[in-house]
Amino acid sequence: MIAALDHVQLAAPVGSEDALRSFYVDVLGMTEVAKPPVLAARGGCWFAAGEVQLHLGVEADFRPARKAHPGLRVRDIEAYARQLAERGAEVVWDDNLPGHLRFYSTDPVGNRLEFLEPSPAATRKPV
């Protein structure tokens, strides 16, 4: 039986690891997780925040995921959105999911990321 989601893997172009580290660690506040040596030789990098893990794997013919995306649940979404915007990340609010506040952003290689928080007041527009 499926018990939990272990991680989500996104693709990245060859040589983008430093840009990914800057974004996922410095902007999003995640921690880099050491890859096992046999996998580290392939390039890419892994990140975690609590139980959430995102793996970025290198692809020679990379194309960013513009529709497919991880949905990352956050606390205090308005403060988090301000923090991301202050650090240079794009924040695009979307009010089409009833009962939730949410916004989208993209990582430095163009992958789409969704951030959401359940909220009974989701009809109000975040500041």
Q) Hey, what else clusters with Y104 if you join Ile, Leu, Val, Met, Phe, Trp, Tyr whenever side-chain heavy atoms sit under 4.5 Å? A) none

**Q.** Side chain to side chain, L10 and P70, heavy atoms closer than 4.5 Å
**A.** yes

(Q) Looking at R102 and E117, is there a salt bridge between them, counting it only when a charged N and a carboxylate O are closer than 4.0 Å? (A) no

Q) Does one hydrophobic cluster hold both V38 and V58, with members joined at side-chain heavy-atom distances below 4.5 Å? A) no

Q | Within-4.5 Å side-chain heavy-atom neighbours: R73 and P118 | A | yes

Q. Of all heavy-atom pairs between E59 and A11, which one has the smallest distance, and what is that distance?
A. OE1-CB, 3.4 Å

Q. Got a second to check how far L101's CG is from Y80's OH, nearest 0.5 Å?
A. 15.5 Å

Q: Drop me the distance from L28's CG to S105's OG, to the nearest 0.5 angstrom.
A: 7.0 Å

Q: Tell me whether I77 is reachable from V92 by hopping between hydrophobic residues (I, L, V, M, F, W, Y) whose side-chain heavy atoms are closer than 4.5 Å.
A: no

Q. Looking only at side chains, do H7 and Q9 share a donor and an acceptor under 3.5 Å apart?
A. no

Q) In Å, rounded to the nearest 0.5 Å, how long is the span from CG of L97 to CD of E114? A) 7.0 Å

Q: Indicate the atoms forming the closest heavy-atom contact of V27 with A89, along with that distance.
A: CG1-CB, 3.9 Å

Q) Do L72 and V52 touch side chain to side chain, with heavy atoms closer than 4.5 Å? A) yes

Q. For the atom pair CZ (F115) and NE2 (H100), what is the distance rounded to the nearest 0.5 Å?
A. 15.0 Å

**Q.** Closest non-hydrogen atom pair between W46 and L56, with its separation
**A.** CD1-N, 4.3 Å

Q: State, yes or no, whether a side-chain contact exists between K67 and H69 at a heavy-atom distance under 4.5 Å.
A: no

(Q) Between F23 and D18, is there a side-chain heavy-atom distance shorter than 4.5 Å? (A) no

Q | Closest approach of Q53 to D6 (non-hydrogen atoms, all atoms of both residues) | A | CB-O, 3.8 Å

Q | Atom pair CZ/CG of R82 and D76 - distance to nearest 0.5 Å | A | 7.0 Å

Q) Where do G44 and E17 come nearest, in terms of heavy atoms and distance? A) N-OE2, 2.8 Å

Q: Report yes if the side chains of F62 and V109 come closer than 4.5 Å at any heavy-atom pair, otherwise no.
A: yes

Q. Rounded to the nearest 0.5 Å, how far apart are CG of L39 and NE2 of H55?
A. 9.5 Å

**Q.** Contacts of E32 that satisfy side chain to side chain donor-acceptor pair (under 3.5 Å) - sequence neighbours left out
**A.** R21

Q. Can you find a pair of side-chain heavy atoms, one from F103 and one from L84, that are under 4.5 Å apart?
A. yes

Q.
With clusters defined by side-chain heavy atoms of hydrophobic residues (ILVMFWY) lying less than 4.5 Å apart, directly or transitively, does V25 cluster with L54?
A. yes

Q.
Testing the basics here: between P64 and N111, what is the closest heavy-atom pair and its distance to 0.1 Å?
A. CA-OD1, 3.5 Å

